[in-house]
Amino acid sequence: KISYPDCPRISTQSMPSTQTAWIMLGWQTTGVMNQKDYATLQVIDSLLGSGMSSRLFIDLREQEGLAYQLGSGYSPHALRGSFVLYIGTNPVTVERAKEGLFNEIKRLKTEYVGDKELQNAKDKLIGNYIIGLETNLDKASNLGAYEALGMGYEFRDNYEKLINSVTDTDIIEVANKYFNDNYILSIVTK
């Protein structure tokens with residue numbers, strides 16, 4: 001476990017003019033050098049919080065009506081990264097929204113993702129990746145970043161294969177590996 005000395009794991013702040021309560025839930029993860037976990041975390045991010053077909057959007061916004069805005073984000077660096085979930089909700093639904101975020105994590109850790117949902121998440125990731133390489137500047141930036149991170153220029157050619165190699169079992173294993181009790185939870189309310 002990673003410890004956070006002199007840093008509270010849970011922070012709740014009251015802001016006088018806030019009409020929306022914000023919840024951020026995050027963990028430290030691996031970075032891009034652990035390519036299998038990197039790819040799996042990318043797919044988890046796509047499943048959870050990328051767009052209107054994501055689990056967070058469907059479950060917490062559409063079905064539960066808990067969110068004004070929500071999503072997830074995986075920010076990998078060379079050796080470490082972070083994975084966060086966030087939700088903007090009505091201040092009276094903070095506890096339900098927080099519980100909803102934890103339930104989505106529990107679901108990832110205990111339930112296999114269906115084949116169609118998994119493929120859709122991969123397709124969305126790969127499609128966004130391709131769109132992100134439209135200009136020469138985009139291509140040069142990506143290649144430079146891959147080289148600077150120690151992955152090499154050829155990573156561009158391996159990205160799609162790496163993402164498509166992620167299985168439902170990988171998702172459960174990686175979710176259990178990183179989404180543990182050593183999280184940071186920040187809540188800002190009015």
Side-chain angles (χ1 to χ4, degrees), residues 1-31 38 40-77 80-111 113-114 116-118 120-129 131-132 134 138 141 171 174-190:
K1 285 189 169 181
I2 300 167
S3 64
Y4 302 94
D6 302 322
C7 179
R9 289 186 49 215
I10 299 174
S11 171
T12 302
Q13 302 288 320
S14 291
M15 307 300 278
S17 64
T18 303
Q19 298 298 316
T20 302
W22 286 96
I23 303 170
M24 297 284 290
L25 174 62
W27 295 266
Q28 283 190 347
T29 63
T30 191
Y38 161 79
T40 304
L41 287 163
Q42 290 274 338
V43 173
I44 288 172
D45 184 30
S46 183
L47 280 167
L48 276 180
S50 179
M52 293 178 12
S53 63
S54 69
R55 287 183 172 188
L56 292 176
F57 191 91
I58 291 169
D59 295 345
L60 300 184
R61 182 180 165 114
E62 294 297 308
Q63 292 178 1
E64 297 292 325
L66 292 174
Y68 302 131
Q69 186 177 352
L70 77 170
S72 64
Y74 172 47
S75 301
H77 299 286
R80 288 193 180 183
S82 62
F83 195 98
V84 298
L85 306 178
Y86 64 90
I87 186 168
T89 191
N90 187 311
V92 300
T93 60
V94 166
E95 286 303 314
R96 282 183 49 219
K98 182 176 77 171
E99 182 180 312
L101 293 177
F102 280 107
N103 285 341
E104 290 300 328
I105 292 299
K106 181 180 178 185
R107 185 174 164 204
L108 275 177
K109 293 167 73 170
T110 59
E111 296 177 17
V113 176
K116 183 176 183 201
E117 184 183 23
L118 181 57
N120 287 343
K122 291 176 184 181
D123 291 345
K124 187 175 5 170
L125 257 179
I126 293 167
N128 287 337
Y129 178 75
I131 289 170
E134 286 185 346
D138 296 334
S141 296
I171 290 171
V174 166
N176 279 287
K177 181 177 181 178
Y178 295 107
F179 304 147
N180 52 41
D181 290 337
N182 199 18
Y183 57 82
I184 299 295
L185 176 64
S186 178
I187 303 171
V188 176
T189 62
K190 70 175 194 167

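Below, each value reflects all heavy atoms present in this structure, side chains not excepted, and no hydrogens, waters or symmetry copies. By convention here, the first residue in the shown sequence is residue 1.
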Seminar exercise, completed: Rounded to the nearest 0.5 Å, the OG atom of Ser72 sits from the CG atom of Leu41 at a distance of 10.5 Å

Problem set entry | Electrostatic pair Glu99:Arg96 at N-O distance under 4.0 angstrom | no

Exercise. Which class fits the ring pair Phe83 and Phe179: parallel under 30°, tilted 30 to 60°, perpendicular over 60°?
Worked result: tilted

Seminar exercise, completed: dist Asn176:CG -> Thr110:OG1 (nearest 0.5 Å) comes out at 8.0 Å

For this session: Quick one: closest heavy-atom pair of Leu60 and Gly100, and the distance?
Result: CD2-CA, 3.7 Å

Problem set entry | Sequence-distant partners of Arg55, side-chain contact (heavy atoms from CB on, under 4.5 Å), two or more places apart | Leu48, Asp59, Glu104, Arg107, Leu108, Val113, Glu117

Exercise. Once you round to the nearest 0.5 Å, how far does OG of Ser54 lie from CG of Asn120?
Worked result: 12.0 Å

Exercise. Asp138 and Gly132: which non-hydrogen atoms are nearest, and at how many Å?
Worked result: CB-O, 3.0 Å

Seminar exercise, completed: Looking only at heavy atoms, the pair that brings Pro91 and Ala21 closest together is CA-CB, 3.8 Å

Exercise. Ser75 side chain to Ser82 main-chain N or O, any donor-acceptor pair under 3.5 Å?
Worked result: no

Exercise. Closest approach of Ser53 and Lys124, non-hydrogen atoms and distance?
Worked result: OG-NZ, 3.2 Å

For this session: Report yes if the side chains of Leu56 and Ile87 come closer than 4.5 Å at any heavy-atom pair, otherwise no.
Result: no

For this session: Verify whether one side chain among Thr30 and Lys177 offers a donor that lies under 3.5 Å from an acceptor in the other.
Result: no

Exercise. Donor-acceptor pair, Arg80 side chain versus Thr29 backbone, under 3.5 Å?
Worked result: no

Problem set entry | Which atom of Thr89 lies closest to which atom of Tyr68, heavy atoms considered | C-CE1, 3.5 Å

Seminar exercise, completed: Taken to the nearest 0.5 Å, the spacing of Tyr86 OH from Leu70 CG works out to 7.0 Å

Seminar exercise, completed: Looking only at heavy atoms, the pair that brings Gln42 and Pro76 closest together is NE2-CG, 4.4 Å

Exercise. To the nearest 0.5 Å, what is the distance between CG (Leu66) and CZ (Arg61)?
Worked result: 11.0 Å

Exercise. Passes side chain to side chain contact (heavy atoms under 4.5 Å, CB included), Tyr74 versus Ile44? Steps please.
Worked result: CA-CA 9 Å; Tyr74 172 47; Ile44 288 172; over 6 Å; no

Exercise. Does some side-chain heavy atom of Ile187 sit less than 4.5 Å from a side-chain heavy atom of Leu185?
Worked result: yes

Seminar exercise, completed: Distance col, row Lys109:NZ vs Ile171:CD1, nearest 0.5 angstrom, shows 14.5 Å

Problem set entry | Candidates Val188, Leu101, Thr189 - the one meeting side-chain contact (heavy atoms from CB on, under 4.5 Å) with Ile23 | Leu101

Problem set entry | Geometric class of the Trp27/Phe102 ring pair [parallel <30°, tilted 30-60°, perpendicular >60°] | perpendicular

